[in-house]
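In each ligand, atom 1 is the first atom listed, and ligand 1 is the first ligand listed.
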Amino acid sequence: MAIERTFSMIKPDATARNLTGAINAKIEASGLKIIAQKRVHWSTGHAQKFYEVHKARPFYNDLVKFMTSGPIVLQVLEGENAIKKYRDVMGATDPAKAEAGTIRKEFAENIERNSAHGSDSVENAAAEIALNFAGFEIVG
Ligand code: GDP
C-alpha cells in the first residue's frame with residue numbers, strides 16, 4: 001500500500017465548539033500522522049477559490065459564507081492510503097448517513113456544518129495542499 005498525503009480541515013462549527021483536540025484524537029487513533037497544521041481565518045476569495053468545483057451547486061454561496069464565518073484548522077495528514085482512510089474516519093458528508101464512531105457522526109451539526117473536510121483524490125490532495133501550504137516545506 002502506498003504512503004499518501006491528504007489535505008484535511010477542521011471546519012468553523014467544530015473550532016467554535018472546541019473540538020480540535022477531539023478530532024485530532026480520532027485522526028491519530030486511526031494511525032494517520034498530522035504532519036502540518038495551522039489555524040487560520042479564510043478570506044472570501046480564498047474560500048471561493050477552494051470550492052470552485054462546487055460553483056454551480058445551490059449551496060455554494062452558503063458554503064463559502066460558512067467556511068469564512070470563523071477559524072478553521074488546515075492540516076496535512078500522512079499514512080498508508082491516507083486519502084481513503086481519512087474519508088472513512090470522517091464518515092459520510094451528511095452526518096445522518098455517517099457510520100457510528102466517525103467524526104461527522106459524532107460531531108457534525110448537519111450536512112453543511114459537518115466539522116471536517118478531507119481530499120477525495122490524489123490529484124485534489126496535491127492541489128489543496130499546494131493552495132493552502134504554499135511556501136512551507138512539509139516534512140513527515
Ligand atoms: P465532502 O467531500 O464529503 O466534504 O462533500 P462534497 O464535496 O459533496 O461537499 C463539500 C461540502 O459542501 C460538504 O462537506 C458540506 O460542508 C457542503 N455540502 C455538501 N452538500 C451540501 C448540501 O446539500 N447542502 C449544504 N448546505 N451544504 C452541502
Backbone of [Y] reached by a side-chain donor or acceptor of [X] within 3.5 Å:
{"X": "Asn124", "Y": "Ser119", "value": "no"}
{"X": "Arg5", "Y": "Ile138", "value": "yes"}
{"X": "Glu4", "Y": "Ala82", "value": "yes"}

| field | Remaining members of the apolar cluster that contains Ile27, side-chain heavy atoms under 4.5 Å | value |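 Ile10, Leu19, Ile23, Leu32, Ile34, Val73, Leu77, Tyr86, Val89, Met90, Ile103, Phe107, listed by chain and number.
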| message | Measuring from atom 14 (O) of ligand 1, which candidate in Lys11, Arg57, Met67, His117 has the nearest non-hydrogen atom? | response |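 Minimum heavy-atom distance to atom 14 (O) of ligand 1 goes to Lys11.
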| request: Could you tell me which atoms of ligand 1, counted from 1 in the order shown, lie closer than 4.0 angstrom to a heavy atom of Asn114? | output: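 Atoms satisfying the 4.0 Å criterion: 13 (C), 14 (O), 15 (C), 16 (O).
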| query | Can you list the steps and then say if Gln37 with Asn24 is a side chain to side chain contact (heavy atoms under 4.5 Å, CB included)? | reply | CA-CA 11 Å; Gln37 176 171 270; Asn24 281 352; 3.0 Å; yes
| task | On the 0 to 90° scale, with breaks at 30° and 60°, tag the Phe133-Phe7 ring pair as parallel, tilted or perpendicular. | result |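 Rings of Phe133 and Phe7: perpendicular, as their planes differ by over 60°.
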| query | When the ring planes of Phe50 and Trp42 are compared, do they come out parallel, tilted or perpendicular, using 30° and 60° as the limits? | reply |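 If you compare the ring of Phe50 with that of Trp42, the planes turn out tilted.
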| task | Using a 4.0 Å heavy-atom threshold (strictly under), name the region of Leu63 that reaches ligand 1: side chain, backbone, both or neither. | result |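 Looking at Leu63 and ligand 1, just side chain atoms fall under 4.0 Å.
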Any non-hydrogen atom of [X] lying under 4.0 Å from ligand 1?
{"X": "Arg104", "result": "yes"}
{"X": "Asp120", "result": "no"}
{"X": "Arg87", "result": "yes"}

Provide, to 0.1 Å, the distance between [atom] and the closest protein heavy atom, together with that atom's residue and name.
{"atom": "atom 10 (C) of ligand 1", "result": "His54 NE2, 3.5 Å"}
{"atom": "atom 15 (C) of ligand 1", "result": "Ile111 O, 3.2 Å"}
{"atom": "atom 5 (O) of ligand 1", "result": "Thr93 OG1, 3.3 Å"}
{"atom": "atom 16 (O) of ligand 1", "result": "Glu112 O, 2.9 Å"}
{"atom": "atom 22 (C) of ligand 1", "result": "Phe59 CD2, 3.5 Å"}

| query | Is the count of non-hydrogen atoms from other residues, nucleotides or ligands lying under 6.0 Å from Lys105 atom NZ greater than 12? | reply |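 Count over threshold, so yes.
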